[in-house]
Structure formats: structure tokens, C-alpha cells
*Asks:* 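This is the structure I have questions about; it appears just below.
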Amino acid sequence: MRPTLYIVIPCYNEEKVLPITAPMFLEKLSSLSEDGKISDNSRIMFVNDGSRDSTWDIICSLAKEDKHYCGVCLSRNRGHQNALLAGLMEAKDKCDITISIDCDGQDDINAMDKMVDKYLAGAEIVYGVRNSRKTDTFFKRTTAQGFYKLLEIMGVETVYNHADYRLISAKVLEHFADFKEVNIFLRGMLPLVGFKSTSVYYERHERIAGESHYPLKKMLSLAFDGITSLSVKPIRIITTFGFFVALLSFIGIVWSVIVAITGKSVAGWASLTCILCLLGGIQLISIGIIGEYVGKIYLETKARPRFIISQRTDTETDGK
Ligand code: UDP
Ligand code: MG
């Protein structure tokens, strides 16, 4: 039997780009269906992440125009990762496979054919990997690659140059639903679910219209969240560093005692000040990093809902 595919697309203030890319997604869905790869019950599901512009109105009129479009609306802006999770959780009971993709046309939709082929050949997760970043600006390319390197060094298992363009089977999503954490970083969490996975490669294009929602500040906070949600390596680094500093301090103590005994001690104001400043700085950074983990525990214990769906195009009713 042909699998039912849901293409899950988070949208935040995308009124400029949505009318251009929505028909492209529909065309792709039709061609996959005509090729006999997916069933005709497949859908394109938009997740409106609390947009302030007319994005939701566009989604509603698309849903009226063609039954292959549908959408859910979050009660407020929760960020890309939460919006995507909301879409995946909404889709998982209605389909056999999902493909998540941004709505700005940057990711090559033709890679979907290869993704579905890999699923039909037995893979449960298919990661879309960018094989070049020629169209990105030098700044975006360098910061993005630094981002993946940093994650790797800090012990987060991710697929290099893979963002959130991927195929996930409903079976994997069923198990992924048991990951109840509120600090989510999907591309680092999915490898933890396991199952057979593979990659397909594609060229990344420029944004068709509108502007990126990921400036450097947001990228840094995503990297920081990803690291502290998935790895305790920063705390281990602090511990190792602490031992190193303790060893140096011990040598310093021995040295100062010897100097004092041999009567060669002088007023060591400069060295004392330097050491105090250095240790003060290190301690503050360390407390900051540990504080980040404590903050995460605080948020996790609250276990607030990760998203609230306020409307759906198929029912137009309120509620979760
Ligand atoms: N997005 C979202 N909520 C947000 C920010 C972004 O749902 O708070 C969506 C956005 O509409 C797009 C995707 O996430 O479909 C990726 O965002 P963007 O293209 O701005 O990021 P970039 O590709 O520049 O990293
Ligand atoms: Mg983009």
C-alpha cells in the first residue's frame, strides 16, 4: 500500500513567500502521487506560529481552495522548533510519513522524491543534508558551519549540515512523542530515538521572498540551547578545568611557602590581583554555565505545554 505523506511546514510572518511556495509544494505532492509513491490522502500541513501578518488567512484560503492543504494555528509565537513539533505531533496519527521543510523555498523540494524512495527502501528517518552553501552569504556560511562544529565539540550528536528538512516515519514519531522535555532541539534529539536512518544531499537555495528569522543572536541561542539540552560536556569541561586550576594553585602555594621561608618574599600586589581577577572570572563563567542547567531543570519541572493549538483549518474549532 502507498504511504500517506504529510509535509509539515512551520510559518512565521511568511505572507510574502507563502503564496509563491504553497503551489510548489502542491505540485510536488501531486507528482509524488502520480508517480505512485504516495497515496492521494497525503497533505500539506502548515503550522502558523503566531504570525502577526496575514499568514493564517492565507493558509485558511489555501485550505478552502484545495483539499490537499490543511493547517493548524498556534495560540502564540513559540519559535520554529516548537511549531515544527506541534505539526509533527498533529500529523503523526494521520499519516505514515512526514517531511518537515521550511516554507521559504530554500530547501530543494525535489529531494523529497529521494527521501520517499529511501523510506520505501526501509529507512525510518531520512536527513536532508546541504552539500554546498554557495548561495549563503559568507557570514551565514561561516556562522552556520561554526554552529555545527561547536555542537560536535560539545558532545551533541547531530548530522553535519542538516537542519530541519527531513523525513520521519509515523512509527518513529510515535516513540518520539515519549520525549516529554520542553527544551527541544529536534535535530539533536531525533538521533536518540534510533531506528534505521540515512541521508540525501541537496543544494540550498536563496530565500524566495521575505527575511530570515535567524540572525546571529538567535543562532547563538539555538546552539546554546541545543548544547545545554543535550549534553553535560560543558559541566565536565568546567570540572576538568577546575582540577587544572587547583593543581596550579597547589604549585603556587608550595612556591610562595618556599619564597616566604627563604626570606625572599616581596609585596606581591600585582600577582595577587591577577590571580584574584582570573579566578573571579572563571568562577563567574562556571556559575553561569551551571546556572543554565539549573534554569533548564526549572523549566522542565514546570512541564508546561510545549505548544497550544488554537485553530485548525479542517474543523475551525478552538481547543487543543
Ligand atoms: N519560523 C517559525 N517560527 C519562528 C521563526 C521561524 O515557525 O519563530 C519558521 C519560518 O517561517 C521558516 C522556518 O521557520 O519556515 C525557518 O526560518 P528562516 O527561514 O527565517 O530561517 P533560516 O532559513 O534563515 O535559518
Ligand atoms: Mg530559511
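Read the numbers this way: they start at 1 and go in the same order the structure lists the ligands and their atoms. Remember, predicted model here, so these are calculated numbers, not experimental data.
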*Asks:* Should we say atom OH of Y201 is surrounded by more than 12 heavy atoms from elsewhere, each under 6.0 Å from it?
*Replies:* no
*Asks:* Working to the nearest 0.5 angstrom, can you tell me the gap between D164 CG and I101 CD1?
*Replies:*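 Output value for this atom pair is 11.0 Å.
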*Asks:* Report the distance from atom OG of S169 to atom CD1 of I125, rounding to the nearest 0.5 Å.
*Replies:* 7.0 Å
*Asks:* Taking heavy atoms and a distance under 4.0 Å, where does C103 meet ligand 1: side chain, backbone, both or neither?
*Replies:* both
*Asks:* For atom CZ of F241, decide whether the heavy atoms of other residues, nucleotides or ligands shown that lie under 6.0 angstrom number more than 12.
*Replies:* no
*Asks:* Suppose we measure from atom 20 (O) of ligand 1 to each protein heavy atom; which comes out shortest, and what is that distance?
*Replies:*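 Sorting protein heavy atoms by distance from atom 20 (O) of ligand 1 puts H213 N, 2.5 Å first.
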*Asks:* Report the nearest protein non-hydrogen atom to atom 21 (O) of ligand 1: residue, atom name, distance rounded to 0.1 Å.
*Replies:*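 Closest protein heavy atom to atom 21 (O) of ligand 1: Y214 CD1, 3.3 Å.
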*Asks:* Answer yes or no: is there a donor N or O on one side and an acceptor on the other, between the side chain of N13 and the main chain of S51, under 3.5 Å?
*Replies:* no
*Asks:* Report the part of D102 in contact with ligand 1, treating N, CA, C, O as backbone and CB onward as side chain, heavy atoms under 4.0 Å; options are side chain, backbone, both, neither.
*Replies:*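 Both parts.
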*Asks:* Considering only heavy atoms of E14, which atoms of ligand 1 have at least one such atom less than 4.0 Å away?
*Replies:*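 By the 4.0 Å cutoff, the relevant atoms are 10 (C), 11 (O), 12 (C), 15 (O).
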*Asks:* Would you mind running through ligand 1 and noting each atom that sits below 4.0 Å from a heavy atom of D104?
*Replies:*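 Heavy-atom distances to D104 below 4.0 Å select 19 (O), 23 (O).
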*Asks:* Write out the residue and atom name of the closest protein heavy atom to atom 23 (O) of ligand 1, then the distance separating them to 0.1 Å.
*Replies:*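 That would be Q106 OE1, 2.8 Å.
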*Asks:* Should we count NZ of K16 as having more than 12 external heavy atoms under 6.0 Å?
*Replies:* no
*Asks:* For ligand 1, is R204 a contact, meaning one of its heavy atoms is under 4.0 Å away?
*Replies:* yes
*Asks:* Do the side chain of K233 and the main chain of I153 share a donor and acceptor less than 3.5 angstrom apart?
*Replies:*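 Flag set: sc K233 to bb I153 pair under 3.5 Å.
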*Asks:* With 2.8 Å as the limit, jot down which protein N, O or S atoms are around the Mg ion (ligand 2).
*Replies:*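 For the Mg ion (ligand 2), the protein N, O and S atoms that sit under 2.8 Å away are D104 OD2, Q106 OE1.
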*Asks:* If only atom types and distance count, is the side chain of R166 paired as donor or acceptor with the main-chain N or O of A163 below 3.5 Å?
*Replies:* yes
*Asks:* Among all protein heavy atoms, pick the one closest to atom 24 (O) of ligand 1 and tell me residue, atom and distance.
*Replies:* S212 OG, 2.5 Å
*Asks:* At what distance is the nearest protein heavy atom to atom 15 (O) of ligand 1, and which residue and atom is it?
*Replies:*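 Protein heavy atom at minimum distance: P10 O, 2.8 Å.
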*Asks:* Starting from atom 18 (P) of ligand 1, find the nearest protein heavy-atom neighbour and note its residue, name and distance.
*Replies:*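 Going by distance alone, atom 18 (P) of ligand 1 is nearest to R207 NH2, 3.5 Å.
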*Asks:* Tell me whether A83 has any N or O atom under 3.5 angstrom from an N or O of ligand 1.
*Replies:* no
*Asks:* Answer side chain, backbone, both or neither: which part of V47 comes under 4.0 Å from ligand 1, heavy atoms only.
*Replies:* neither
*Asks:* Any chance you could measure L32, atom CG, to D113, atom CG, to the nearest 0.5 Å?
*Replies:*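 If I round to the nearest 0.5 Å, the distance is 5.0 Å.
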*Asks:* Would you say CD of E211 has more than 12 non-hydrogen atoms from neighbouring residues, nucleotides or ligands within 6.0 angstrom?
*Replies:* no
*Asks:* I want to know whether Y202 and Y165 have ring centres closer than 6.0 Å.
*Replies:* yes
*Asks:* Mind telling me whether H213 and Y12 have parallel, tilted or perpendicular rings, with 30° and 60° as the class edges?
*Replies:*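 Ring orientation, 0 to 90° scale: tilted.
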*Asks:* Mind checking whether Y148 and H162 have ring centres under 6.0 Å apart?
*Replies:* no
*Asks:* Heavy atoms only, cut-off 4.0 Å: how does R78 contact ligand 1, side chain, backbone, both, or neither?
*Replies:* neither
*Asks:* Identify the closest protein heavy atom to atom 25 (O) of ligand 1: which residue and atom is it, and at what distance?
*Replies:*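 So the nearest neighbour among protein heavy atoms is K140 NZ, 3.3 Å.
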*Asks:* May I ask you to check whether T4 and S42 show a side-chain donor-acceptor distance below 3.5 Å?
*Replies:* no
*Asks:* For atom 14 (O) of ligand 1, what's the nearest protein heavy-atom neighbour? Residue, atom name and distance, please.
*Replies:*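 Result for atom 14 (O) of ligand 1: H80 CD2, 3.2 Å.
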